[in-house]
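All residue numbers in this chain count up from 1 along the given sequence.
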Amino acid sequence: MTTSGLSPDVELLTRLANEFFQQTGGGASSTQGPAPTLYGGWPDAPAPASPPTHGNDVPFPQFGLSGGFEPLHDVEPLSADLPGEAELRALYQAFADEFSAPEPGVPQRPSGLVPPASPSFYFLEHVEVVDPQPAQQGLAGSFDVGQIRQDFPVLNERVNGRPLIWLDNAATTQKPRCVIDRLKYFYEHENSNIHRAAHELAARATDAYEGAREKVRGFLNARSTNEIVFVRGATEAINLVSQAWGRQNIGKDDEIIVSWLEHHANIVPWQQLAAEKGARLRVIPVDDSGQLQFAEYVKLLGPKTKLVSFTQVSNALGTVTPAKQVVEAAHAVGAKVLVDGAQAVSHLAVDVQALNADWYVFSGHKVFAPTGIGVLYGKEALLNEMQPWQGGGNMIQDVTFERTVYHPAPARFEAGTGNIADAVGLGAAIDYVLSIGRDRIAAYEHHLLSYATRHLAEIPGVRILGNPHGATSHDKAGVLSFVLAGHRTEDVGAALNREGIAVRSGHHCAQPILRRFGVESSVRPSFAFYNTCADIDALITVLVRLAATKKGEIT
């Protein structure tokens, strides 16, 4: 062993990684943006007070690119015939070249500003306003996580002296610069109430708001913008359907079906409705891997079934449900269907026409948009049959003291002044996601999930909750939920926080599914396309250290 505590083999690899990845560009094409520094930050980010370390306090290289070398997980000599220094340098160079080479047919990342190409939704002649930072039209080369990370300012933040590692994406996603700038631009140049004033800023604000609605329509592949209702989030959307449709259509002894996988927001409103109407709530069971038991679901369906409301992706386990098949089975018995897409839209391409659900809901803050904005999609005819659940301005055609005539959807459900700026921000977030490509995002995030699952499963005392068909399965998206023997989940979360790593520890507003697995809480790292294998390495490092100690019991 050397004075550093490393074997000569590992010391050589670590030194070469240091030298190579701290060079600006790292041998990559200069058009691809700066290369990552050794410890996972970027050249314009402040250096950490001390580098993150592996399980035995040995600095380790953080490559953070899809398909790259796995980090060094032990300090034993790697082999007797380890390549020489020259060969290793060539290997690192080939790695950098492979993942920075432009992909054929993919446009280069543009620079400069371009005006938005959106129609006017107002009675004034449209005045074209330059978008402060339009979403990129494409990313050069392979999936360039390094370039993407530069779009998210908060990733330069430091927590407890460490660079922030954000693995709490199932709770909320971080916001790209283009979304932040779009909000700033709105308040500086467009701020007004919408639809009703005969002045220029009202025209700008209305165009921006209704333009965002069109972006959501395209994002979900809805038939019409009349099917897109802006709400505060998925929770409000579910409550809207419960009040505006459920109170008219659910009666005594009717049945509402949900699943064990649901967030509380897709349980409590239906419990309240069932209690009010004398209806019954029934639950689709899940198996030990966290998958819906479809055959048991079919047995629950019958003439009393009026509604099936279920999640497309579990927020606690990451399970991807067979949504289209669930919808088809419900429709076969005449039931309506609501799909909670809050955890799905940032990981999967969603086509509401192909899915054929009656309603689909999601929250903007789960898909890189601001908080306080969300979407209810509903089939247009169905929305127009529903009575408004709130009354006020904007949702009426005519009001007298004898009666009120409501607008058709979506206005009939958007009483009062809506969250105009954040709706515009949601439109900018959708532009950004589409510019990268949802298929590319899904493939990269699946790589991260497989990598994390494989290494997490190797840690003594770790139990992963819900792991359908193994780490390579596409029946899971972006979420790992686990417990560590001998450690309370909140203590694991606190230990990770001390290293700058943000995860969620608790019941995740999904107590029934955790209890199905015999626990009251879990630790939940969750991934987005700006995360890297290096982020996961840092997580694993802390967990390996914790696994070697015993401090209390899991709760």
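Separating the CZ atom in R213 from the CZ atom in F230 is a distance of 5.5 Å, to the nearest 0.5 Å. Interatomic distance, N193 CG to I420 CD1, rounded to the nearest 0.5 Å: 4.5 Å. Distance CG/D535 to CG/L155: 8.0 Å, rounded to 0.5 Å. Distance CZ/R162 to CG/N497: 12.0 Å, rounded to 0.5 Å. The distance from the NE2 atom of H263 to the OG1 atom of T311 is 9.5 Å, given to the nearest 0.5 Å. The CD atom of E380 sits 8.0 Å away from atom OG1 of T225, with the distance rounded to the nearest 0.5 Å.
Nearest heavy atom pair, residue G341 against residue Y360, reads CA-OH, 3.3 Å. Closest approach of V479 and A316 over heavy atoms only: CG1-O, 3.6 Å. When all heavy atoms of Q353 and N221 are compared, the pair lying nearest together is NE2-O, 2.8 Å. Q343 and V313 make their closest contact through CB-O, 3.4 Å (heavy atoms, listed as atom of the first residue, atom of the second, distance). In plain terms, the two heavy atoms of L480 and A452 that are nearest each other are CD1-CB, 3.6 Å. Of all the heavy atoms in A330 and V308, the pair that sits closest is CB-CG2, 3.7 Å.
For Y530 and F152, the gap between ring centers is short of 6.0 Å. Under the 6.0 Å cut-off for aromatic ring centres, H446 and H347 do not qualify, their centroids lying 6.0 Å or more apart.
The shortest side-chain heavy-atom distance between D168 and V503 does not fall under the 4.5 Å cut-off. Between N531 and L167 the shortest side-chain heavy-atom distance falls below 4.5 Å. Looking at P525 and R504, their side chains never come closer than 4.5 Å, going by heavy atoms from C-beta outward. The side-chain heavy atoms of V339 and V327, taken from C-beta on, include a pair separated by under 4.5 Å. With a 4.5 Å cut-off on side-chain heavy atoms, I257 and L307 do not count as touching. Using a 4.5 Å heavy-atom cutoff, the side chains of L448 and F529 are not in contact. The closest side-chain heavy-atom distance from Y451 to D537 is below 4.5 Å. Side-chain contact between F362 and D340 is absent, with no heavy-atom pair separated by less than 4.5 Å.
A salt bridge links E190 with R182: the distance from a Lys NZ or Arg NE/NH1/NH2 to an Asp or Glu carboxylate oxygen falls below 4.0 Å. Comment: D151 does not engage R177 in a salt bridge, judged by the lack of any side-chain N to carboxylate O separation of less than 4.0 angstrom.
Side chain of H199 to backbone of A202: a donor-acceptor contact under 3.5 angstrom is found. Between the side chain of H264 and the backbone N or O of Q511, at least one donor-acceptor pair lies under 3.5 Å. Between the side chain of T321 and the main chain of Q312, a donor-acceptor pair closer than 3.5 Å is present. A distance-only check finds a donor-acceptor pair linking the side chain of N315 to the backbone of H508 [under 3.5 Å]. Put simply, the side chain of E214 never gets that close to the backbone of E210: no donor and acceptor are under 3.5 Å apart. With hydrogens and angles disregarded, a donor-acceptor distance shorter than 3.5 Å links the side chain of N384 to the backbone of A409. Remark: side-chain polar atoms of K306 are not paired, donor with acceptor, to backbone N or O of K336 under 3.5 angstrom. At distances below 3.5 Å, not a single donor-acceptor pair connects side-chain atoms of S526 with backbone N or O atoms of G478. Under the 3.5 Å distance criterion, the side-chain polar atoms of S363 are left unmatched by any main-chain donor or acceptor of H365. Not one N or O on the side chain of K324 forms a donor-acceptor pair closer than 3.5 Å with the backbone of P322.
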- Message: One pair to check against side-chain contact (heavy atoms from CB on, under 4.5 Å): R247 and K277. What are the steps and the verdict?
- Response: CA-CA 8 Å; R247 297 184 79 179; K277 296 294 185 176; 4.3 Å; yes
- Task: Could you give me the CA-CA distance, side-chain angles and deciding distance for D144 and R149, then say whether salt bridge (charged side-chain N to carboxylate O under 4.0 Å, His left out) is met?
- Result: CA-CA 9 Å; D144 191 346; R149 286 175 63 85; over 6 Å; no
- Task: Run the numbers on K379 and N356 for side-chain contact (heavy atoms from CB on, under 4.5 Å), then give the verdict.
- Result: CA-CA 9 Å; K379 293 178 178 178; N356 199 30; 2.9 Å; yes
- Kindly indicate, with the supporting measurements, whether the criterion side-chain contact (heavy atoms from CB on, under 4.5 Å) is fulfilled by E414 and V229. CA-CA 7 Å; E414 295 182 5; V229 179; 4.0 Å; yes
- Between N239 and W389, is a side-chain contact (heavy atoms from CB on, under 4.5 Å) present by the stated rule, with each step listed? CA-CA 9 Å; N239 278 273; W389 76 313; 4.2 Å; yes
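Under 3.5 Å, the side chains of D358 and H331 contain a donor-acceptor pair of N or O atoms. For the residue pair E227 / S224, no side-chain donor-acceptor distance below 3.5 Å is found, with atom types taken as modelled. Of the N and O atoms on the side chains of S481 and S522, at least one donor lies less than 3.5 Å from an acceptor on the other residue.
Partners of N249 under the side chain to side chain contact (heavy atoms under 4.5 Å, CB included) rule, at least two apart in sequence or in another chain, are W245.
The environment of CZ in R232 is sparse: at most 12 heavy-atom neighbours from other residues, nucleotides or ligands sit within 6.0 Å.
A side chain to side chain contact (heavy atoms under 4.5 Å, CB included) with L539 holds for exactly one of I165, L496, V523; it is L496.
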All N/O donor-acceptor pairs, side-chain side in residues 366-378, below 3.5 Å, sequence neighbours left out:
{"from": "K366", "atom 1": "NZ", "to": "A170", "atom 2": "O", "distance (Å)": "2.7"}
{"from": "K366", "atom 1": "NZ", "to": "A171", "atom 2": "O", "distance (Å)": "3.1"}

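At least one test fails for R204 against the ring of Y209: distance under 6.0 Å to the centre or angle within 45° of the axis.
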